[in-house]
> 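Okay, here's the structure, questions in a sec.
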Amino acid sequence: MLSHKSIYVLVALVPSGRVATYGQVARLLGHPRGARQVGYALARAPDDRALPWHRVVNARGVISARRKPGYEEFQRLLLEDEGVEFDARGRIPLARFQWRHEMLDSHPHVPRGGGETL
DNA sequence: TTTATGGCTGTCA
DNA sequence: ATGACAGCCATAA
């Protein structure tokens, strides 16, 4: 099954200034239907600075709701701090900021300038 | 064992 | 595009 540890290890690879989706993480770990488990795992993740939990958002580019109030704002601040942008409706344009693991090797994670609408 | 509840998602009206 | 909804699946009760 999808172990919390494997999830943490993968999330730790998401570079600053980029975001991954729950489903993306699950798929990369070989569990295409495990998105909720990823969220569940992150919800119980230890307060470890080495784990960039804030870089994981839902498939719509929106910061997911939480039981504990306030965390969504906090997450947004952390992301904006890294250069991630939000549109007027509070969504992150995944076309520009989603982590592309196939560029794991060397590409500096500079968001592609605006323009591409596809 | 059965039910409820989540940091989710794809589909469809 | 947007909102509703039914699947999803590990944990907790």
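First the proteins, then the strands, lettered A, B, ... as listed; each starts at 1. Keep in mind it's a predicted model, so treat the numbers as computed, not measured.
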> With a 4.0 Å heavy-atom cut-off, tell me which residues in residues 4-12 of chain A come close to DNA chain B, sorted by residue number.
none

> What is the nucleic acid contact for A/Arg66, judged by heavy atoms within less than 4.0 Å: base, sugar-phosphate only, or nothing?
base

> Which heavy atom in A/Pro52 sits nearest to a heavy atom in A/Val11, and how many Å separate them?
CG-O, 3.3 Å

> For A/Arg27, enumerate each residue passing the side chain to side chain contact (heavy atoms under 4.5 Å, CB included) test, keeping only those at least two apart in sequence or located in another chain.
A/Gln24, A/Pro32

> Among residues 36-43 of chain A, which contact DNA chain C at a heavy-atom distance under 4.0 Å?
A/Arg36, A/Gln37, A/Tyr40

> Only counting residues at least two apart or in another chain, list the ones meeting side chain to side chain contact (heavy atoms under 4.5 Å, CB included) with A/Lys68.
A/Tyr71

> Got a sec? Which of residues 84-94 of chain A come in under 4.0 Å of DNA chain C, heavy atoms?
A/Arg89, A/Arg91

> Which nucleotide of DNA chain C is the first, and which the last, in the 5' to 3' direction, to come under 4.0 Å of a heavy atom belonging to chain A?
C/dT2 to C/dA12

> Would you jot down, in residue-number order, the residues of residues 51-58 of chain A having a non-hydrogen atom under 4.0 Å from DNA chain B?
A/Trp53, A/Val56, A/Asn58

> In which ranges does DNA chain C form stems of 3 or more consecutive Watson-Crick or G-U pairs, distances under 3.5 Å?
B:2-6 with C:9-13, B:8-13 with C:2-7

> Does any pair with a residue in residues 82-93 of chain A pass side chain to side chain donor-acceptor pair (under 3.5 Å), and if so which ones, sequence neighbours excluded?
A/His54-A/Glu82, A/Arg55-A/Glu82, A/Glu85-A/Arg96, A/Asp87-A/Arg91

> Closest nucleotide of DNA chain C for A/Arg44 versus for A/Gly34: which of these residues is on the 5' side?
A/Gly34

> By side chain to side chain contact (heavy atoms under 4.5 Å, CB included), which residues pair with A/Tyr40, not counting sequence neighbours?
A/His4, A/Arg44

> Mind checking salt bridge (Lys or Arg N to Asp or Glu O under 4.0 Å) for A/Arg76 and listing every partner two or more places apart, or none if nothing turns up?
A/Glu80

> Between protein and nucleic acid, restricted to nucleotides 10-13 of chain B and to nitrogen or oxygen atoms under 3.5 Å apart, what atom pairs and distances do you find?
residue, atom, partner, partner atom, Å
B/dG10, N7, A/Arg60, NH2, 2.8
B/dG10, O6, A/Arg60, NH2, 2.8

